[in-house]
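Input: a single structure, listed below in structure tokens.
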There are 2 protein chains.
Amino acid sequence: MNSKPEALTMETLVSLAKRRGFIFQSSEIYGGLAGFWDYGPYGTELVRNIRESWWRAFVYAQPNVVGLDTTIIQNPKLWQASGHVDTFVDPMVDCKNCNHRFRADHVAGFETKDLSKYDEKLAATKCPNCGKVGEFTPARHFNMMFKTYVGPIDDEDHLAYLRPETAGGIFAQFLNVLESSRQKIPFGIAQIGKAFRNEITPGDFIFRVRELEQMELEYFVKPDKAREEYARWKQYCMDWVLGLGLDKDKLRFYDHEKDERAHYAAESVDIQYEFPMGFKELYGIANRTDYDLTQQGKGSGKDLSYFDEATKTRFVPYVIEPSVGVGRLALALMHSAYTEEKVGEETRVVLRFNPEIAPVKVAVLPLSKNEQLVPLAREVFTMLAGKYRTEFDETQSIGRRYRRQDEIGTPLCVTVDFDSLEDKAVTVRHRDTMKQERVKIAKLPEAIENLLASF
Amino acid sequence: MNSKPEALTMETLVSLAKRRGFIFQSSEIYGGLAGFWDYGPYGTELVRNIRESWWRAFVYAQPNVVGLDTTIIQNPKLWQASGHVDTFVDPMVDCKNCNHRFRADHVAGFETKDLSKYDEKLAATKCPNCGKVGEFTPARHFNMMFKTYVGPIDDEDHLAYLRPETAGGIFAQFLNVLESSRQKIPFGIAQIGKAFRNEITPGDFIFRVRELEQMELEYFVKPDKAREEYARWKQYCMDWVLGLGLDKDKLRFYDHEKDERAHYAAESVDIQYEFPMGFKELYGIANRTDYDLTQQGKGSGKDLSYFDEATKTRFVPYVIEPSVGVGRLALALMHSAYTEEKVGEETRVVLRFNPEIAPVKVAVLPLSKNEQLVPLAREVFTMLAGKYRTEFDETQSIGRRYRRQDEIGTPLCVTVDFDSLEDKAVTVRHRDTMKQERVKIAKLPEAIENLLASF
């Protein structure tokens, strides 16, 4: 039977991801760059499907959520107003002996806002690199925003940042969206896009990276509705990740205590997933109060309050923010989908993706590279390729091609064989059961649709 | 009848784009940032549809093209190898009187690689800002790549660039894709993503921006097939933009003469569109020869040649590159779609988008904000929202709501009125003809599908 190995390690996932074209080290031929990872052909389709599923659930299915697509580089005043220029920092120390640089909290083993606490602890701590004790510089703050210069002069007047989160652009466009979309409170603005964090120590494969992709919803509500909307979105996010096919036993809510959440947040929670390195944040949901619109209003000098026609009152909306990273979801989905199974002497590796997120839905495989089979298989490909991400593969033995499709999680394989030339039918193989059935080519699109729905 | 105004100006498009939520100035509440533009709710859906159409045509419909999604920040050696560090430059001058900075070619009125030619001309040229003559500094090269630093130290060892084009990441991953996807020459790798160019003088709305989104295909071929593949993709790109609904009369091929193309390109062509400021590049197609893989092979020390099993020969593939900007396409599509029409005393503005790219496919409009109509209209919304981007709008007169949907290009409006409560039917209004027909709610999804196909 299909089963997950007792200890599915990150190394197994890294190896599969590279071998099968899901994830490569960015610019690997140049030795890579720490904290940057590229999606290969199947990873690209996987993340496309994740984005599409999210957009359907968080935008299209909602009568009062609209999309937005703002730039990565914005006027830097936005990040002063949001507090990122001052507070988006990690504590950093150097070892004076070996010149290596570390996150103070990682070396100390605890987190605090009081830098002197790190200095106390580190005075008697070994350097993780060279082993020398007590050689650390005093801890200091390091801002994690990447800096650049816009325009032809590199000076303070032209300094700008790569956004550390997509949310900022949403708050800055709150008024424009309100005026052009005619939404009324409650309503939401959703965005998918890249964000950048100059992590001192990126790691755990694609879990902690310097260039990431976020899917964020900012849902604007009356202050007195914030608690119930927070509870509603918290559950909605959990239902959505379960619907994607994540293993239920590996998911849990982790409510933040007061000292764990941002000073402005009234409530916040993580949906954690049990990755190979333990339970870690997958999805964050927060009641951010009126902090964001108040700060952006102060910073810009614009009035970002809302006039409620029904109650004739004016207020600064509260914001409920569900925020998730595409990469972490992709990693959790690969981890959840991974199974191994003994078939005779061999081990069959299968990524049991939900068909909605599987990178390839159907593979069309001529039994051999024959001058009669290949053209017929191409016809079958063309029948399906308009509707489903379909792959065409004509080399190697059919058994090896099945195993390859299993490893990338393709739900269905369609084999065109010599009988096909006579009976105008093909064999459809099911990924999970390996059962095969004969289907007339004329009825194939309908059969594929029904079979995909049966997973 | 519908007609395009004699001179549809950029100002008209800028104004419509802002008023109706297609395009806003980035971080506008802070005074914006030159060369950066955000997509509002309808612009976001428009560009989502453009990307999806491109991906279907250039990836899914092709049996031998795979996708890729590489990072914006890559190992900087990649951009040394590609030549961007040395040659991705614009000629720049300052006016010593007013300290304004200009593109030398813009002020001189011609382009040359010989900087001294600019100096000769500019010695007798007025400053476009202060009007003083002959006050320009000597022309010098300005590199258009945005710079940043990766890791906690800002020095030359940690310098990196924001990619100036998506193609570089494709060439760097050529080997990994070849090995994991099992493609054989000819095959292609496609990518959609952001690129950054620190333009000295951004302008023409979203035509020349500093943060852009590209859709690029790199199609790898045998050297002796490059000419025919180049001709094939040139036509395929033209057919695709015509299929999106761009005005045929505003499109033309512009073949580059030898001195207009990159030194390594054997052939290149632009598909130009007649924007308000004249015919300008929309789509670029180039035969880049073996330049890219040769350079990346030299830079990385890896062998990026290909062994052809059929002919037992080894060669560095040639590359055919069709490359297009999402923003320029969005601008051309809005421009092509824009029509004005006299209806009685009023002027009706309609964006006649092809339904495939229209931001909203169907608007569901209860005739009035009535406690019986609104719940029924919500039911109708829910029937459609899973399949089509559907909008729900319940305020203002029905006439004004129709006009608003016309201006954002919504093909169909579904009105729920008081008769609907009795006859379980709704009125469907066609954007272009304004004709209305009564449709049973139970048959609505089928009717919508047929009507959308009729445009």
Side-chain angles (χ1 to χ4, degrees), chain A residues 19-21 24 26-33 36 38-41 43-45 47 60-61 63 66-75 77-78 92 101 142 146-148 150 152 162 169 172-173 175-177 180-182 194 198 200 210-211 296 300 302 378 381 385-386 389 392-393 395, chain B residues 19-21 24 26-33 36 38-41 43-45 47 60-61 63 66-75 77-78 92 101 142 146-148 150-152 162 169 172-173 175-177 180-182 194 198 200 210-211 300 302 378 381 385-386 389 392-393 395:
Chain A
R19 189 173 71 253
R20 289 310 188 193
F24 307 130
S26 173
S27 33
E28 187 191 303
I29 61 171
Y30 292 101
L33 191 61
F36 295 88
D38 293 347
Y39 293 106
T44 299
E45 297 299 339
V47 298
Y60 288 1
V66 298
L68 194 69
D69 192 346
T70 66
T71 51
I72 288 166
I73 296 177
Q74 304 255 348
N75 189 308
K77 289 177 191 158
L78 195 161
M92 180 168 74
R101 190 155 276 187
F142 171 71
F146 282 98
K147 282 175 277 190
T148 192
V150 174
L162 306 193
Q173 294 293 7
L175 278 187
N176 272 334
V177 173
S180 59
S181 74
R182 295 153 34 81
K194 289 279 179 93
N198 199 358
I200 298 169
R210 286 170 164 157
E211 177 173 337
Q296 296 300 333
S300 64
K302 308 281 179 201
R378 289 270 176 182
F381 170 85
R389 176 53 176 160
F392 189 85
D393 189 2
T395 48
Chain B
R19 189 172 72 254
R20 290 307 188 195
F24 308 131
S26 172
S27 36
E28 186 191 302
I29 61 174
Y30 291 101
L33 192 61
F36 295 88
D38 293 346
Y39 291 107
T44 299
E45 297 299 340
V47 297
Y60 288 2
V66 298
L68 194 68
D69 191 346
T70 66
T71 52
I72 289 167
I73 297 176
Q74 304 255 345
N75 189 309
K77 288 177 193 158
L78 195 162
M92 179 168 74
R101 192 156 275 188
F142 172 71
F146 283 98
K147 282 175 278 190
T148 192
V150 174
L162 307 192
Q173 294 293 8
L175 277 187
N176 273 332
V177 172
S180 60
S181 74
R182 295 153 35 81
K194 289 279 180 93
N198 199 359
I200 297 169
R210 285 169 165 158
E211 178 173 335
S300 64
K302 308 281 180 201
R378 289 267 176 186
F381 170 85
R389 176 53 177 159
F392 189 85
D393 189 1
T395 49

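Chain identifiers are assigned alphabetically (A, B, ...) following the order of the sequence lines, protein sequences preceding nucleic acid strands; residue numbering begins at 1 within each chain.
A:N75 places none of its side-chain heavy atoms less than 4.5 Å from the side chain of B:F36. The side-chain heavy atoms of A:P41 and B:V177, taken from C-beta on, include a pair separated by under 4.5 Å. Taking the side chain as every heavy atom from C-beta outward, A:T71 and B:L33 never approach each other to under 4.5 Å.
Heavy atoms of A:R210 lying under 4.5 Å from chain B belong exclusively to its side chain. Residue contact with chain B, scored on non-hydrogen atoms closer than 4.5 Å, involves the backbone and the side chain of A:F146 alike. Proximity to chain B involves both the backbone and the side chain of A:Y30, based on heavy atoms less than 4.5 angstrom apart. B:Q74 touches chain A through backbone and side chain together, each having a heavy atom under 4.5 Å away. Of the two parts of B:N176, the backbone and the side chain both hold a non-hydrogen atom closer than 4.5 Å to a non-hydrogen atom of chain A. For B:I72, the parts sitting under 4.5 Å from any heavy atom of chain A are the backbone and the side chain alike. In this structure, the portion of B:F142 lying under 4.5 Å from any heavy atom of chain A is its side chain and not its backbone. Interface remark: A:K77 contributes backbone and side-chain atoms alike to the contact with chain B (heavy atom separation under 4.5 Å).
When each of B:G32, B:G21, B:G31, B:G67 is checked for heavy-atom pairs under 4.5 Å with chain A, B:G67 comes out on top. For the options A:R389, A:Q296, A:M92, A:R19, heavy-atom pairs under 4.5 Å to chain B are most numerous at A:R389. Note on B:T395, B:I200, B:L175: by heavy-atom pairs under 4.5 Å with chain A, the leading option is B:T395. For the set B:T44, B:D393, B:T148, the count of heavy-atom pairs under 4.5 angstrom toward chain A peaks at B:T44. Of all the listed residues (A:A385, A:P63, A:G40), the one sharing the greatest number of non-hydrogen pairs under 4.5 Å with chain B is A:P63. When each of B:S26, B:S300, B:A172 is scored by its heavy-atom pairs under 4.5 Å with chain A, the top score falls to B:S300.
B:S27 approaches A:L78 most closely through the heavy-atom pair CB-CD1, 4.3 Å. Heavy-atom minimum distance, B:Q173 versus A:E28: NE2-N, 4.4 Å. For A:V47 against B:D69, the heavy-atom pair with the smallest separation is CG2-OD2, 4.1 Å. Considering all non-hydrogen atoms of both residues, B:K194 and A:T70 come closest at NZ-O, 3.9 Å. In terms of heavy-atom proximity, B:S180 sits nearest to A:F24 at OG-CZ, 3.5 Å.
Annotation for B:K147: atom NZ does not count as buried by contact number, only 12 or fewer foreign heavy atoms lying within 6.0 Å.
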For side chain to side chain contact (heavy atoms under 4.5 Å, CB included), just list the numbers for B:I73 and A:L162, CA-CA rounded to whole Å, side-chain angles, deciding distance to a tenth of an Å, and then say yes or no.
-> CA-CA 11 Å; B:I73 297 176; A:L162 306 193; 4.2 Å; yes
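Looking at residues two or more places apart in sequence or on another chain, you find a side-chain hydrogen bond (donor to acceptor under 3.5 Å, both in side chains) between A:R20 and A:E407.
Side chains of B:E45 and A:Y60: a donor on one and an acceptor on the other come within 3.5 Å.
Although no hydrogens or angles enter the test, the distance criterion places no donor-acceptor pair under 3.5 Å between the side chain of A:R101 and the main chain of B:G151.
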